Amino acid sequence: MKKTIILIAAAMLFFTLTVSSNAELTNEGNGLLYDTDLNRTWLQDANYAGLTMTWDEANNWVTNLVFSGFDDWRLPASDTCSGNTCTGSEMGHLFYSEGITSNTQGSFTNVKPSMYWASTENESNPSQAYRFSFLYGTQGVSDKTTKRY
């Protein structure tokens, strides 16, 4: 009986350490989070800009962003899935694989319960681009003139 308890305790410790060491989001300090799954670095503050913008304004803002010594920022990429469970987009990965929502922000701060622009334009209607909601996990398109995070 003691051997069984020790083996179970050892197995639980092993799995706990294994899961902890395979964290997919790591805090790099200086306001940066690194996603080992996507090989992407994110701003820790999901509302660093502090305001909503049109798609063109958001692209211009991020193109000119210099943060923590880096100047090669971009909006997150998206697949062309619409609705829920769109895990092929970078924000969909954060929501569905990493569990990042406006209610469970993990290491992120200021994740808004609203839509965030993606860099991907709607090929069938160039006046639209993809966006993602961190409240509901939904992805779709909006007119580029709409203000989003």
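Model, not experiment: these values are computed from the prediction.
- Annotation for G140 and S82: closest pair CA-OG, 3.9 Å, computed over non-hydrogen atoms.
- Two residues are said to be in side-chain contact when any heavy atoms from C-beta on lie closer than 4.5 Å; Y96 and N84 meet this criterion.
- In summary, R74 and E90 engage in a salt bridge, as defined by a charged side-chain N under 4.0 Å from a carboxylate O.
- The aromatic rings of W73 and F67 sit perpendicular to each other, their planes meeting at more than 60°, with 30° as the lower class boundary.
- By the 4.5 Å heavy-atom criterion applied to side chains, T41 and F70 are not counted as neighbours.
- Side-chain atoms of Y149 and W117, non-hydrogen and from C-beta on, never get closer than 4.5 Å to each other.
- Judged purely by atom type and a 3.5 angstrom limit, D143 has no side-chain atom pairing as donor or acceptor with the backbone of T145.
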Practice item. Run the numbers on N125 and S127 for side chain to side chain donor-acceptor pair (under 3.5 Å), then give the verdict. Key: CA-CA 5 Å; N125 185 347; S127 69; 2.7 Å; yes
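- Counting only N and O atoms by type, the side chains of Q44 and T109 include no donor and acceptor under 3.5 Å apart.
- Taken to the nearest 0.5 Å, the CG atom of D45 stands 9.5 Å off from the CD atom of Q105.
- The hydrophobic clustering, which links ILVMFWY residues whose side-chain heavy atoms are closer than 4.5 Å, places Y48 and V66 apart.
- Put simply, CG on L32 and OG on S68 are 4.5 Å apart, with the number rounded to the nearest 0.5 Å.
- Note: the hydrophobic cluster containing V141 does not contain F132 (ILVMFWY, side chain heavy atoms under 4.5 Å, direct or indirect links).
- For Q139 and D79, the side-chain atoms include at least one donor-acceptor pair closer than 3.5 Å.
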Practice item. Start with the C-alpha gap between I100 and L25, add the side-chain angles, then the distance that decides, and say whether side-chain contact (heavy atoms from CB on, under 4.5 Å) holds. Key: CA-CA 10 Å; I100 304 302; L25 286 173; 4.1 Å; yes
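- H93 has its side chain within reach of L38: a pair of non-hydrogen atoms, C-beta onward, lies under 4.5 Å apart.
- Here CG of N59 is found 8.0 Å from NZ of K144. Values are rounded to the nearest 0.5 Å.
- By the 4.5 Å heavy-atom criterion applied to side chains, L94 and T101 are not counted as neighbours.
- A 4.5 Å side-chain heavy-atom check between S142 and Y130 finds every atom pair outside the cut-off.
- Defined by atom type and a distance below 3.5 Å, a donor-acceptor pair is missing between the side-chain atoms of R148 and S114.
- Ring pair Y116/F134 is perpendicular by interplanar angle, where above 60° counts as perpendicular and below 30° as parallel.
- Side-chain N or O atoms of T104 include one that pairs as donor or acceptor with a backbone N or O of G99 at under 3.5 Å.
- Contact check for L75 versus W55: side-chain heavy atoms found under the 4.5 Å cut-off.
- Put simply, the side chain of S133 gets close to the backbone of L135: a donor and an acceptor are under 3.5 Å apart.
- L43 and V62 fall within the same hydrophobic cluster, where Ile, Leu, Val, Met, Phe, Trp and Tyr residues are linked whenever their side-chain heavy atoms come under 4.5 Å apart, directly or through other members.
- Nearest heavy atom pair, residue A77 against residue T120, reads C-OG1, 4.0 Å.
- At distances below 3.5 Å, at least one donor-acceptor pair connects side-chain atoms of D35 with backbone N or O atoms of D37.
- A continuous path of hydrophobic side-chain contacts links M91 to F95 [ILVMFWY only; heavy atoms under 4.5 Å].
- Counting only heavy atoms from C-beta outward, the side chains of K147 and E57 approach each other to under 4.5 Å.
- Using modelled atom types, one finds a donor on one side chain and an acceptor on the other under 3.5 Å when comparing N39 with Y34.
- Side-chain atoms of N122 and S124 include a donor-acceptor pair closer than 3.5 Å.
- Donor-acceptor pairing under 3.5 Å is recorded for the side chains of N64 and N60.
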